[in-house]
Amino acid sequence: MKFSYNWLRELVDGLETPPKDLARLITIKTAECEGVERVGAALESASEARIVSVEALGSGHNRKTVVETAKYGTRTVVCGAPNCRPGVRSIYLPVGRKTIEGIESDGMLASAAELGISRDHTGIVELDEPFALAPDHIIEVDNKSLTHRPDLWGHYGMAREVAAILGKTLRDPVKARALGGAPPLRVTIEDYALCPRYSALLFENVTIRPSPLWLQYRLEAIGLNPISNIVDVTNYVMAEITQPMHAFDADKLRGGEIIVRLAREGEQLNALNGERYNLDPSNLVIADPVGAVALAGVIGGAESAISDTTTRIVLESANFNASSIRKTSSRMRLRTDASMRFEKAQDPVNTVRGLERALELLEEVSPGIRLVGGLADAFRPPPAPAPIELPLDWLDRKLGRAVPAADVRRILESLQFRVEATAPRIFSVSVPSWRATKDISIKDDLLEEVGRMVGYDSITPVAPLAPAKVPPGNPERAFHHHVREMAAAQGFTEVYNYSFVSEEMAAAFELDPAMHIRVANPIARDQGLLRASLLPGIWKNVGDNARHLDSFRLFEIGREIHKDGEAPHFAAAIYAKDNGVPGLLELKRLAECLLPGVTVRPAQAQGYEHPQRAADVHHGGTRIGRLFEFHPRMVEAGRAAVLDLDLILVEKLQRGTVRYQPVRRFPTSAFDLSIVAPKRALIGEVHAAFPRPPELLSIEFLREFTFSDRRRSLSYRITLGASDHTLSSDEVAAIRMAIIDAMRSAGYELKL
Amino acid sequence: MLDGLISQLYANALDQLASAETLDQVEAVRVEALGRKGKLAEISKEFGKLAPEERARIGKLLNTVKAELESKIETRKASLEAAALDARLDAEWVDLTTPAPGPRPGSLHPVTQVQQEVEDLFVSMGFTVLDGPEVETEYYNFDALNIPADHPARDMQDTFWLEDRRLLRTHTSPVQVRGLEKLGPPLKMIAPGRVFRNEEVDPSHEHTFYQLEGMMVDHDVSVAHMIYFMKTLLSAIFHREVTVRLRPGFFPFVEPGFELDIRCLICNGEGCPVCKQSGWVELMPCGLVHPAVLRYCGADPEVWNGFAFGLGLTRLAMMRYGIDDIRLFSSGDLRFLTQF
Ligand SMILES: [Zn+2]
């Protein structure tokens, strides 16, 4: 929203604060200013000028023109404008001398566009009013910081803030007018919840022509395109007192009645912007007895629009339900200056003020205009909000500083709240209508009014008094950090992947798209599902990084999202240009570091896994994850081993409190055994087949050897010991034989 | 006569010792001179034939020579042993500048690092760290935060809606409500996590980013407390004293609501491109918890109140490391991630 500094100066008596300082004050006390821009700089040196004589030059296009200027005396300029003729009052700019077609041209006559007054550059300005335009400053306020303030979408609302900030007097631009005649048209509102008020005036003897320069300049400076006197007045009133208005050509309305109703199924509207809109019963329309003539609060219809030949107008000043306007405007993808204001919840009291202000302006811009009859006004006033009780001690306590009662009253009254002292240290505060639509309803809202006006910088920071207490811990999160640190220390770099996957990707990982949560409005077609596995992301990381690096380790801790909940997972990958085995074993070791005691059990491979290199990771009887190599056809050039663990289970299975065992006092004995196992026998199974006599302390795998017939010789070191004596050689021999016998009866051959 | 033999033996032994190059040669010298069948033992056999006064003198001489030789032999042995050890160790020269084998340490994601640092700070100030789901209900993401049904924040274009009418949380604020429901007041909590906005991705916009929500609810928590807290926190985060300023900001779940700015750390408030010449950098939204939110959480706003704030972790990481493209965080690009 752009605010003209000159406009604000008209509304705040004695405003002298320079624009930049004012913008800073508004930022701190009211809403964020994004910048201050100077406009109409050329007007500084511009001078009113009368064309004395015009003499054609050789080209026939340019003319030697002598002008009599108010500031610079007589000057000769070369002017090519089609409307350059003797007697025209225009504007002269002293831009320097240059020679054109042999004539020394000293300065120029300017078009409205060259002066920044409007976009008109078809010819030089023709004045029919005294020239009194000056450079201006535009303060741009971030629209997002105005969403809760319907009153700040016009200059008068901002002027009220400025007056309150600076302790100046606010000047109301609206003069009360007598509008008491018989209404010349009937207004019917079908649902007052959607349209609390509809006010209108009928005018005749209207002349359509360009607005005076001052009006064009005002609109141009704040980014509204000047169009014609009537439309410009409606925009001016909107930009001044926040009341959107619309002018209909009265002769194009049929039946002498205006009906505010929901659109009928299949109804259509040709709008002012040249578009044709299909309406449905969720859209509120303005209609005559024949059909819709405007999309309420959003845009007018083309058929009822004013044109150069218009002589009678109906001027609408209405109030519409904010969320209805918002819905229509967002569904139609049509945000207009009017809809933007209505969707902030405008003040129904304001409609007649808008008409009063417009009436005064129309009398100026369309001389001879006449009001027909009086005000047509359908209005069901909303219940007046009850005054808010504001306890001053509460206010001081919440703010953390004392604000004298007199200051509280002064601040609230300067913002035009009504303040009554109903009890000691308690104010009863009535909210003005323009703040009551949605902005202010509870005492906490008043706290903000007082706080921002006394200035938050006037509050001394104070340490909160809170009991020293150890906060409840978050073991799950602490565990995730532990896992992260451990993985990073072992060479893995953390990645973050998106929570979205495509259907194709889910299918590639053998996950049924139907078990995924689907995004109703995905940002792209290939991001339509929520990830039910971290693996697609990890696979993408492997492919992307393999383009730049020969080997790498990476991991992610992220959530799998399932229909019935979210599961944090740890997924790690090792990529290298080798046979893939070291990576798999390193990941197995990482799993053992994260959860001592894990075992790995070969399992049927999924399609994306190497058919001979896939295993479940277990702890006790619980499956906690998967260790595998990506199927070589999924990875270019190198091999990628992957570990995927369910972190909830890994955390749950962590060792509890440890009970101390006495340190062994007697020496242990050890011997080696070589077991010959069939082809592809699993070391893990051989290990599990060993008997566990009480003296057995450890079974350590030493090495393996594969025979030419692919039988495997597996060597183990067995360590024995007793807690109360040193085992004798006879005892050791007996246990060794028992182990050998047990392994033989388990079907293994022993190499002795 | 014996004197002559003894001094000759002594001299011979010393000669041999001097030329002995190995421990074995030294041992041979010892055996020849001092062994049980050695020369000194032979001389001792003559000992009985001597007159008593001679016996005392020769005995003393023998002992002296024996002790002398033993000591010389030991010295020679020690020096040969030391030389042997030196030679062995010299052969064990190793180049310690050789790169160590095995993987280099990996690194934590920059957002993780910033997040952990901020988490630790809060925990040290008595806050508990809470988690909330990434898939949220409309109730927790909007209703309970006093965001009305027709608020622009609920627009299709800002929120990822899911087909089951749930949504991806657009902020970490729902955890305020979940935390207060679960733990009740008084409560000091933070909730870091992943949030989602339905936004086209470009160097300064991401649909997935990271926030940290904080809330303190107690009796009589004031704006003055909040300012103190934010100042302390931000000074710790930026490792230097920061100047903060509050200005009005509108967020439905706080009242009053603020935008908290810090004086630009690049130019100290003089004005520079980073702060768009204003001297201030907008850092975090905050405010006093709206009474409606407290009521939604089952806390009586006449008894309890508090402040809440949101800190953009992604933005903080960008500021700290000078990262100018937000897309890098989710790129999985190790050339970027291994820098931290
Ligand atoms: Zn700066």
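Labels below follow one simple rule: chain letters A, B, ... track the order of the sequence lines, proteins then strands, and each chain is numbered from 1. The structure presented is a predicted model; accordingly, all values stated were derived computationally and were not measured.
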Visitor: Just say parallel, tilted or perpendicular for the rings of Tyr456(A) and Phe258(B), cut-offs at 30° and 60°.
Guide: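 Ring orientation of Tyr456(A) relative to Phe258(B): perpendicular.
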Visitor: With a 3.5 Å distance limit and no angle check, can you tell me whether Ser107(B) reaches the backbone of Thr493(A) through a side-chain donor-acceptor pair?
Guide: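 No; judged by distance alone, with no hydrogens or angles, the pair does not exist.
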Visitor: Got a sec, which pairs hit salt bridge (Lys or Arg N to Asp or Glu O under 4.0 Å) with one end in residues 480-490 of chain A, sequence neighbours left out?
Guide: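 Applying salt bridge (Lys or Arg N to Asp or Glu O under 4.0 Å) to every pair that reaches into residues 480-490 of chain A, excluding sequence neighbours, yields Arg484(A)-Glu494(A).
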Visitor: Is there side-chain contact between Leu447(A) and Leu288(B), with heavy atoms separated by less than 4.5 Å?
Guide: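 The answer is yes; the side chains approach within 4.5 Å.
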Visitor: Identify which part of Ser499(A) has an atom lying under 4.5 Å from any heavy atom of chain B, answering side chain, backbone, both or neither.
Guide: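 Contact with chain B is through both the backbone and side chain of Ser499(A).
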Visitor: Tell me, for Pro192(B) versus chain A, whether the close heavy atoms (under 4.5 Å) come from the side chain, the backbone, both or neither.
Guide: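 Answer is both: backbone and side chain atoms of Pro192(B) are under 4.5 Å from chain A.
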Visitor: Does the side chain of Arg166(B) reach to within under 4.5 Å of the side chain of Ile517(A), using non-hydrogen atoms?
Guide: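 Arg166(B) reaches Ile517(A) side chain to side chain.
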Visitor: Is it the side chain or the backbone of Leu399(A) that comes within 4.5 Å of chain B heavy atoms, both, or neither?
Guide: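 Looking at Leu399(A), backbone and side chain both touch chain B.
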Visitor: Donor-acceptor check, side chain of Asn198(B) to backbone of Asn521(A), threshold 3.5 angstrom: yes or no?
Guide: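 Yes.
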Visitor: So what's closer than 4.5 Å to chain A heavy atoms on Glu206(B): side chain, backbone, both or neither?
Guide: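 Just the side chain, heavy atoms under 4.5 Å.
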Visitor: Below 4.5 Å, heavy atoms only, C-beta onward: do His290(B) and Ile442(A) meet side chain to side chain?
Guide: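 The answer is yes; the side chains approach within 4.5 Å.
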Visitor: Residues two or more places apart in sequence or in another chain: which of them pass side-chain contact (heavy atoms from CB on, under 4.5 Å) with Ala191(B)?
Guide: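 Here the qualifying residues are Val175(B), Met189(B), Glu213(B).
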Visitor: According to the interplanar angle, ranging from 0 to 90°, do the rings of Phe196(B) and Phe500(A) count as parallel (below 30°), tilted (30 to 60°) or perpendicular (above 60°)?
Guide: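 Aromatic pair Phe196(B)/Phe500(A) classed perpendicular.
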Visitor: Under 4.5 Å, counting heavy-atom pairs only, tell me which of Lys144(A), Lys438(A), Arg397(A) racks up the most with chain B.
Guide: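 Of the candidates given, the most pairs with chain B belong to Arg397(A).
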Visitor: Do Arg452(A) and Pro256(B) have side-chain heavy atoms sitting under 4.5 Å apart?
Guide: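 No, side chains not in contact.
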